[in-house]
Each structure stands twice: as structure tokens, then as C-alpha cells.
Amino acid sequence: MIELESRIADFIAARLPAATAVAVDELARIHGGSSQETFRFRARWRVDGVDEDRRLILRRAPESGLVDAERDVEFVVYAALAGRGVPVPQVHWIELDPRWLDRPFFIMDLVPGKPGHYYHGADPYDGQDAVVGRNFWRHLGVLAAQEHRALGLESLRNGLADGGYWQRELAHWEAALDAGEAVIEPIVRGALRWLRRNPPPEPAKPAIVHGDYRAGNFLFLPDGSISAVLDWEMCHVGDPLEDVAWAINPMWTMERHLPLDEVLAIWEAASGLVLDRKALDWWRMFAAVKACGIWTTAEASFENGTSREMIIALTGLRASHASRKEILDRMAALGAMG
Amino acid sequence: MKLTAESVLGGVGDALRDQFLPHIADEFAASSARMAQSLIAIVALGMDDAVAIRVEEHARIRELLGTGAGLVEPGELAARLREAAASRDPGLTISALDRESTRLRALLVTLHAWTEEQDSPAARALDQAIWRALRDFEMARRPRA
């Protein structure tokens with residue numbers, strides 16, 4: 001860690017040529033998105049006689065992880081969404097040259113707040129679950145209302161497309177399954193075929209889709225406000241219902257904190273869109289397939305040795321079963337089993 | 001008494017929790033150790049019946065493929081289905097059984113897709129039987145920790 005602190009200090013000094021006495025300490029690895037290595041640290045420097053003392057986050061590309069993300073997606077989205085009504089950390093620097101820290105990385109502010117994780121008991125939000133829940137859905141609605149082209153986000157996946165979002169995303173995750181599956185999963189393949197046979201309507205508008213909008217990927221404050229929405233590695237342009245369906249996935253659902261009808265009304269009010277419940281059902285099945293794609297990528301990266309993160313192996317074993325079980329439950333509800 | 005893989009791994013998991021974890025100060029490392037303990041438990045509890053689960057699964061897939069062979073038009077697919085329905089597991093190691101799983105499951109996916117394109121009660125019944133079998137396979141293989 002001391003060597004890494006020194007290398008980070010060298011990088012900051014290079015980016016702040018007017019700064020002197022640049023020092024980095026208190027570096028600690030934290031869990032924060034399983035697709036990138038996350039560290040918190042303190043950085044100090046002096047410019048024109050003024051001392052700066054910052055608490056910062058380093059997000060470094062892993063050798064392998066849950067998803068294969070474009071390395072600059074998260075940084076680009078954070079920068080574009082600043083001041084747009086969706087709370088995100090302020091970003092400072094991105095570096096794709098591996099000479100500094102071996103792999104691409106970026107540095108952003110450490111935002112106050114704590115993650116209310118879905119497996120932290122019955123009260124993950126310190127008694128503020130209803131307030132947090134309303135803010136969670138309001139922010140997602142605000143995100144859906146953004147125009148990605150106006151924010152310069154055409155570089156996101158599907159950013160230049162004029163439609164066909166569900167086909168594109170389905171093909172994206174089918175390719176991940178094809179690449180990662182060691183033993184083919186007929187359950188997931190059956191769900192893929194069902195999704196193609198029962199297509200959803202085109203979205204009312206293309207939206208910025210967070211891609212992993214769920215409990216565990218935001219920070220909240222004691223008053224129930226959300227200080228930051230995090231982990232945008234899978235951000236792309238698509239149907240805003242993709243995020244809605246993902247957020248109510250049974251594995252991490254926010255649904256248990258507020259009735260579904262209430263949260264969907266909050267989302268509609270904030271987005272200005274009318275939510276199609278039948279289309280939402282399609283996206284819920286899609287969410288289970290997408291989850292299987294993610295877990296398959298995780299499983300493959302642990303199996304081939306490119307990842308040695310315990311959470312990667314655990315999701316490969318445990319979460320993949322939960323997602324296939326969800327597909328089975330949905331297919332049973334559709335009458336597939338007689 | 002003879003130590004089994006399950007009891008050894010269970011003991012290692014317990015030691016990780018009781019002997020090592022209390023001495024890990026770093027939050028990230030402690031969290032990783034807890035997850036390692038869960039992984040050990042899942043693997044330990046999945047060892048004893050791993051072969052039996054695969055052998056039973058293969059037998060049921062072969063039965064479904066045999067049913068399918070009687071429904072599809074005579075031709076290349078029917079021949080492949082018949083051949084697979086009559087096949088046997090090549091060995092009892094997990095690696096050999098998983099290779100056979102890959103082969104049989106790929107054919108099951110092909111047959112399943114075929115049933116979905118048909119408009120006959122027999123194909124519909126087979127489609128539903130495949131989904132029920134897939135549910136049973138998944139529950140048999142569920143992580144037990």
C-alpha cells in the first residue's frame with residue numbers, strides 16, 4: 001500500500017504542476033463495485049501557500065471482473081451528469097496510461113454517506129427506508145428524463161442508435177453468455193427465446209440507463225437523502241424500464257421499502273414518462289437474463305484465474321442460481337410448466 | 001472415523017471464522033475472508049452428491065431427447081436425438097460428466113427451441129416437460145450454504 005500511495009502522489013504531482021508537498025496516505029481498499037478496484041485515500045498538497053487536504057477515491061480497472069467495462073465510461077458519465085439532478089461524485093482526473101498505476105484509473109471525491117446494503121438486516125437505512133426509497137426512485141426518474149445527446153454522451157453503448165434498444169441489449173448479454181458459459185444453461189437460453197418471441201414496445205424515449213441501479217450502489221445520509229449514485233460501469237443508452245426492472249429484481253429489491261405502485265408513480269412524476277406495466281414485465285425477465293450474463297462473466301474470470309476476488313467467485317456460485325431460479329419462477333407464472 | 005472432503009473443508013471454514021477472522025483488522029480483507037468461508041461451505045456441501053446429481057440429470061435429459069426423437073421429422077436432428085438418448089456417461093469424474101452435460105444440454109436447447117415452434121399437443125407437452133426438468137435440475141444443483 002505504501003508503494004501505491006507513493007505512485008498516486010507522483011501522479012497527482014504531475015497533474016498539479018503548481019502544487020508542492022504532495023503527499024498521499026491512509027490508503028485502504030474498500031468494497032465498491034465489483035468491476036473495478038476501489039481505494040479511499042487522503043491527499044494533501046500546497047498551492048500558493050494554501051494547504052489542501054482532500055479525501056478521495058481511486059477507481060482502478062481490475063485485471064478482470066464482473067463485467068468488461070469500457071475504462072472511461074464511469075468517468076465520462078460522472079462528468080456529464082454533474083449538476084443535472086442525479087447526485088454523483090465530482091471527478092478529478094482519468095488516466096488510461098498504465099505506466100502510473102499499472103492499469104487505467106480515475107480519481108474522484110470521497111462522498112459522505114453510507115451504503116445501505118440489501119443484506120444488512122431488516123433496517124439497512126437506519127430507520128429512513130421510506131425517505132431513501134422515495135429519493136432512490138425520484139433520482140432514477142430524473143435520470144430517465146435526461147437527453148444523452150445534449151450531455152455529450154453519444155459515446156455510450158447505443159448512444160448513436162435510433163431504436164432497437166432491447167434487441168441490442170439482448171444481443172450484448174447473449175454474447176457475454178456465449179463467451180463465458182462453461183456448461184450451457186438451457187434455462188437462460190429458454191428465457192432468451194421467450195424474450196425474442198414476446199418483444200416489448202420501443203421506449204417512449206431513449207434514456208441514459210445506469211445499468212446497475214440498485215440497493216448497494218448508492219450512499220445515503222442520516223436524513224434519508226442520497227448523496228451519490230455510484231458504480232456506472234455498465235451505463236449505456238436504452239429503454240429506461242431496464243433500470244426500473246433491475247432495481248426491483250428480487251435479489252436486491254427496493255420494493256420491500258415502499259409499495260411498487262407508489263415507487264412507480266414517483267418515477268413517472270420525475271421522468272415525465274408513462275410506465276407500461278406489460279413492458280416492465282418483459283424487462284424483469286430481461287433483468288434475470290442480464291444478471292446471468294454478469295454472473296457468467298464473473299464465473300469465467302475466476303475459473304481462468306484472471307480474478308481472485310472472493311465476491312466474484314461467490315456471485316458465480318450463489319447469485320447465478322438465484323437468477324436462474326427467478327427465470328424459472330417467471331416462466332412457471334407464464335404457464336410454461338403446465 | 002475417516003476425514004471426508006466435506007468435514008475437512010467445513011473445519012477449514014470454521015477455523016477461518018473462529019481463528020483467523022478475529023485477527024484481521026483490515027475491513028476489506030476481513031470481508032474477503034468471510035466470503036471465502038461461504039465459498040468453502042458451498043463447495044463442501046456440494047461434493048457428496050455431485051456425481052449422482054449429474055448422472056440423474058443426464059438420464060432425464062436422455063429420456064426427453066428420446067421423446068423428442070419420436071416427434072421431430074426423420075432426418076439429421078432425429079438421428080442426433082436418438083443417438084444421444086441411447087448414449088451413456090463416459091465416466092464418473094466431474095470433468096467427464098460436465099463435458100457430457102455440455103453435449104446433452106446443447107441438444108436439449110435445440111430440441112426445446114424446436115418444440116416452441118410447433119403447434120401440436122405432443123410438442124407442447126414436451127416443451128412443458130423440459131421446463132419442469134430444468135426446474136428440478138436447478139433445484140438439485142442449488143448452493144446449500
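Every chain is numbered from 1 and lettered A, B, ... according to where its sequence line falls, protein lines coming before strand lines.
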(message) Less than 4.5 Å apart, side chain to side chain, heavy atoms only: is that true for B/Phe137 and A/Ile187?
(response) no
(message) Under 4.5 Å from any heavy atom of chain B, what part of A/Ile184 do you find: side chain, backbone, both or neither?
(response) both
(request) For the residue pair A/Arg324 and B/Arg141, establish whether any side-chain heavy-atom pair is separated by less than 4.5 Å. (result) no
(message) Quick check on B/Arg124 against chain A: is it the side chain, the backbone, both or neither that has a heavy atom closer than 4.5 Å?
(response) side chain
(message) Check this for me: B/Arg88, atom CZ, are more than 12 non-hydrogen atoms of other residues, nucleotides or ligands nearer than 6.0 Å?
(response) no
(request) Would you give the length of the straight line joining atom CG of B/Asp136 to atom CE of A/Met337, rounded to the nearest 0.5 angstrom? (result) 9.0 Å
(message) Could you measure the distance from the CZ atom of B/Phe28 to the CD atom of A/Glu309? Nearest 0.5 Å is fine.
(response) 4.5 Å
(message) Looking at chain A, which one of B/Glu116, B/Met139, B/Arg135 has the largest number of heavy-atom pairs inside 4.5 Å, strictly under?
(response) B/Glu116
(message) So for A/Glu181, is it side chain, backbone, both, or neither that comes closer than 4.5 Å to the heavy atoms of chain B?
(response) neither
(request) Could you check B/Val109, B/Leu107, B/Leu111, B/Thr110 and say which one makes a side chain to side chain contact (heavy atoms under 4.5 Å, CB included) with A/Pro186? (result) B/Val109
(message) Between A/Arg318 and chain B, with a heavy-atom cut-off of 4.5 Å, which part of the residue counts as in contact: side chain, backbone, both or neither?
(response) both
(request) Count the heavy atoms of every other residue, nucleotide or ligand shown that sit under 6.0 Å from CD of B/Gln118, and state whether that count exceeds 12. (result) yes
(message) To the nearest 0.5 Å, what is the distance between OG on B/Ser101 and CD on A/Glu185?
(response) 9.5 Å
(request) Could you look at A/Ala322 and say if it's the side chain, the backbone, both or neither that has a heavy atom under 4.5 Å from chain B? (result) neither
(message) Can you give me the closest heavy-atom contact between A/Ala336 and B/Gln128, atom names plus distance?
(response) O-CG, 3.2 Å
(message) For residues 35-67 of chain B, give me every residue with a non-hydrogen atom less than 4.5 Å from any non-hydrogen atom of chain A.
(response) B/Met35, B/Ala36, B/Ser38, B/Leu39, B/Ile42, B/Val43
(request) Using only heavy-atom distances, determine whether the side chains of A/Arg193 and B/His112 contain a donor-acceptor pair under 3.5 Å. (result) yes
(request) For chain A, find which of B/Arg99, B/Arg105, B/Arg103 contributes the most heavy-atom pairs closer than 4.5 angstrom. (result) B/Arg105
(message) Between B/Glu27 and A/Ile30, is there a side-chain heavy-atom distance shorter than 4.5 Å?
(response) no
